[in-house]
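Structure first, commentary second.
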Amino acid sequence: MKSTNNKPDSGSNDEKKPASESGTVSTANFIREIIKNEIQDGKLNGKIITRFPPEPNGYLHIGHAKAICINFGLAREFQGECHLRFDDTNPSKEETEYIEAIKRDVKWLGFEWGEHLYYASGYFEQMYLWAIELIKAGKAYVDDLTAEKIREYRGTLTEAGKESPYRNRSVEENLDLFKRMRNGEFPDGSRVLRAKIDMAHPNMNMRDPVMYRIMNAAHHRTGTEWKIYPMYDWAHGLEDSIENVTHSLCSLEFEDHRPLYDWFLEQLNIHHPRQIEFARLNLTYTVMSKRKLLQLVKGGYVSGWDDPRMPTLSGFRRRGYTPEAIRSFCERIGVAKRDSIVDYALLEHCLREDLNKRALRAMAVLNPIKIVIENYPSDKVEYLEAVNNPEDETAGKRMVPFSKIIYIEQADFMEEPPKKFFRLAPGREVRLRYAYFITCNEVIKDPDTGNIVELRCIYDPQTRGGWAPDGRSPKATIHWVSAQHAIDAEVRLYGQLFSKEDPDDAPDGDFLSNLNQKSLEILSGCKLEPDLKKAMPGNRYQFERIGYFCVDNDSSPQKLIFNRTATLRDEWAKIAKKAKEKR
RNA sequence: UGGGGCGUCGACAAGUGGCAAGUCACGAGGUUUUGGUCCUCGCAUUCGGAGGUUCGAAUCCUUCCGCCCCAGCCA
């Protein structure tokens with residue numbers, strides 16, 4: 001940050017104030033600046049009102065989280081309000097199931113709309129009245145052209161369109177026809193109501209856009225009351241206006257709809273919110289379009305909208321992500337107008353940052369290998385003290401049982417260790433976390449397959465708790481679980497759903513061909529420390545030295561199931577990878 | 001070759017005429033009973049290119065180049 005010395009009028013102290021998330025700082029963004037300036041100039045009498053207007057035709061994804069954080073976040077920051085409004089203007093695509101899911105997800109993310117829950121369909125009557133007003137003013141007309149003809153008459157990007165032969169009907173005829181459209185006297189698609197603007201306008205959106213179409217479909221809220229439904233461009237500004245929205249924040253592709261947004265509000269001379277556009281979120285290794293997400297669900301490529309590999313909020317929730325991590329991510333990526341693709345690593349960083357501080361630690365062996373400690377009494381059990389979270393003293397301590405036979409991770413032993421491998425190997429001593437130093441004596445293999453079935457070790461009784469009286473300290477500390485006390489669990493290892501940074505980078509844009517075949521690996525017979533018996537669905541843990549895991553919804557006391565939320569950063573994996581690349 | 005936007009480090013992103021913030025990633029060290037965390041250091045003589053204005057330009061002007069969006073009775 002620049003020095004602000006000797007600049008009494010500098011506002012830069014406000015530029016970086018702590019955000020709602022501890023540890024993150026909000027940087028300037030152009031929308032925040034606009035609002036700040038408007039307040040300063042006294043343009044905003046009263047509070048700001050924003051809105052998050054999802055169409056209930058799919059589940060919310062991380063891209064929506066950005067929009068939610070911007071809209072609800074700005075409202076919170078400036079002591080305004082943010083409305084949750086369902087933009088339910090197309091009954092053929094929308095379902096109640098989605099409404100409930102959307103509400104749940106917004107709440108989960110940590111935002112409240114209070115009494116400000118609205119539906120576009122709640123404004124249908126008012127919109128209808130305003131349409132009549134436009135017709136009376138000679139600014140809207142009923143068109144009998146077919147959809148194909150309308151397209152034809154619209155012209156192209158480089159050629160002007162031509163006017164419909166129905167464009168100059170009398171106000172009376174338009175009024176009559178429009179009322180009869182509403183009454184259901186005409187079949188679907190036979191007529192539309194159009195704004196009368198300019199068929200030669202360089203902006204295609206201004207070439208007499210359709211305001212209403214006839215649809216004989218049951219609406220999830222209004223039933224069969226309506227036979228005509230408003231189009232987005234006509235409806236959206238009206239919805240914002242009715243709710244006294246001050247800032248209508250939307251994504252970039254609506255930029256050239258803004259003249260139309262403004263035009264309707266001007267013609268009607270009603271409250272006129274300001275539309276501001278920002279770039280939507282793109283993430284590496286992720287598809288974000290509703291169509292593609294729906295395709296993944298319907299095609300059975302994932303287990304559902306809440307599959308932990310999905311970028312949906314319900315997917316992230318099930319995966320073990322915290323709302324705090326997602327909010328912190330949304331603050332860090334900023335708000336701007338340029339198209340961008342955010343590195344997935346940033347999201348993972350936000351997750352780890354949050355979970356590192358909060359998740360209880362536990363020891364879990366995912367791929368067990370048995371160790372017999374030869375010099376440890378076979379009937380002895382010791383309870384050793386372990387720290388629950390080194391980042392949080394208040395998390396306390398627990399006692400972990402230790403005995404003659406334990407499991408360690410297969411990856412923590414190598415018969416012929418390469419140069420920088422510090423873990424267990426024949427003749428080498430390592431520390432068992434919170435327990436003892438052990439040295440490997442013997443490797444026992446299956447005579448037929450040659451696979452290692454068991455390791456024979458001896459322990460040093462002088463090193464209880466992990467400290468040696470002579471001060472020596474092994475290079476590696478590994479985790480373990482006592483065999484007789486271990487509980488079994490299934491662990492689901494999730495990775496990226498797509499194997500390419502840009503899933504759409506495929507011949508014919510077939511993103512499905514970039515599906516990562518190894519995005520899910522299911523491990524059974526994993527050995528967990530007994531303390532994990534009490535874990536309930538949704539609980540998150542750090543399995544030490546492995547990663548963050550949470551109990552899946554499918555889990556039960558009879559069958560524990562954990563999902564891997566994210567791995568820990570892994571220095572050794574990097575070294576091993578580099579060595580492999582060298583070869 | 002119509003209209004609307006956008007080009008600042010590998011990825012995000014501040015910067016609004018006074019001499020290129022921050023974060024992630026990456027690299028090098030240190031601490032460590034998690035190869036985790038944490039700490040330190042490094043990482044754009046240059047802002048899509050070329051001209052110009054100016055004492056001074058990422059910021060202003062000209063011009064060129066590149067990328068995104070728009071021809072649903074979807075939102």
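The figures here come from the full heavy-atom set of this structure, side chains too, leaving out hydrogens, waters and symmetry mates. Throughout, protein chains are lettered first and strands after them, A, B, ... in sequence-line order, and every chain is numbered starting at 1.
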>> So for A:Arg258 and B:rG4, does any side-chain atom that can act as donor or acceptor lie under 3.5 Å from a complementary atom in the base?
In response: no
>> One character per nucleotide, please: for nucleotides 64-72 of chain B, 5' to 3', B when the base has a protein heavy atom closer than 4.0 Å, S when only the sugar-phosphate does, - otherwise.
In response: ----SBBBS
> Side chains of A:Lys290 and A:Asn57: is there a donor and an acceptor less than 3.5 Å apart?
Replying inline: yes
> In terms of the angle between their ring planes, are A:Phe254 and A:His257 parallel, tilted or perpendicular, with boundaries placed at 30° and 60°?
Replying inline: perpendicular
>> Return the pairing partner of B:rG7 with a 3.5 Å limit on both distances, Watson-Crick or G-U wobble; otherwise return none.
In response: B:rC65
> Do you see a donor-acceptor pair shorter than 3.5 Å between the side chains of A:Glu38 and A:Gln40?
Replying inline: no
>> If the cut-off is 4.0 Å, is A:Arg569 near the phosphate of B:rU37, judged by side-chain N/O to OP1 or OP2?
In response: yes
> Is the gap between the ring centers of A:Trp572 and A:Phe422 under 6.0 Å?
Replying inline: no
> Heavy-atom distance under 4.5 Å between the side chains of A:Ile575 and A:Lys578, does that happen here?
Replying inline: no
> Can a donor-acceptor pair be found between the side chains of A:Tyr232 and A:Asn90 at a distance below 3.5 Å?
Replying inline: no
>> Looking at B:rC38, which nucleotide sits across from it as a Watson-Crick or G-U wobble partner, both distances under 3.5 angstrom, or is there none?
In response: B:rG30
>> With syn defined as a glycosidic angle within 90° of 0 and anti as the rest, where does B:rG72 land?
In response: syn
>> By nearest atom, which of the nucleotides B:rC24, B:rU1, B:rA21 is closest to the A:Thr27 side chain?
In response: B:rA21
> What does B:rC47 pair with, Watson-Crick or G-U, if both distances are under 3.5 Å?
Replying inline: none
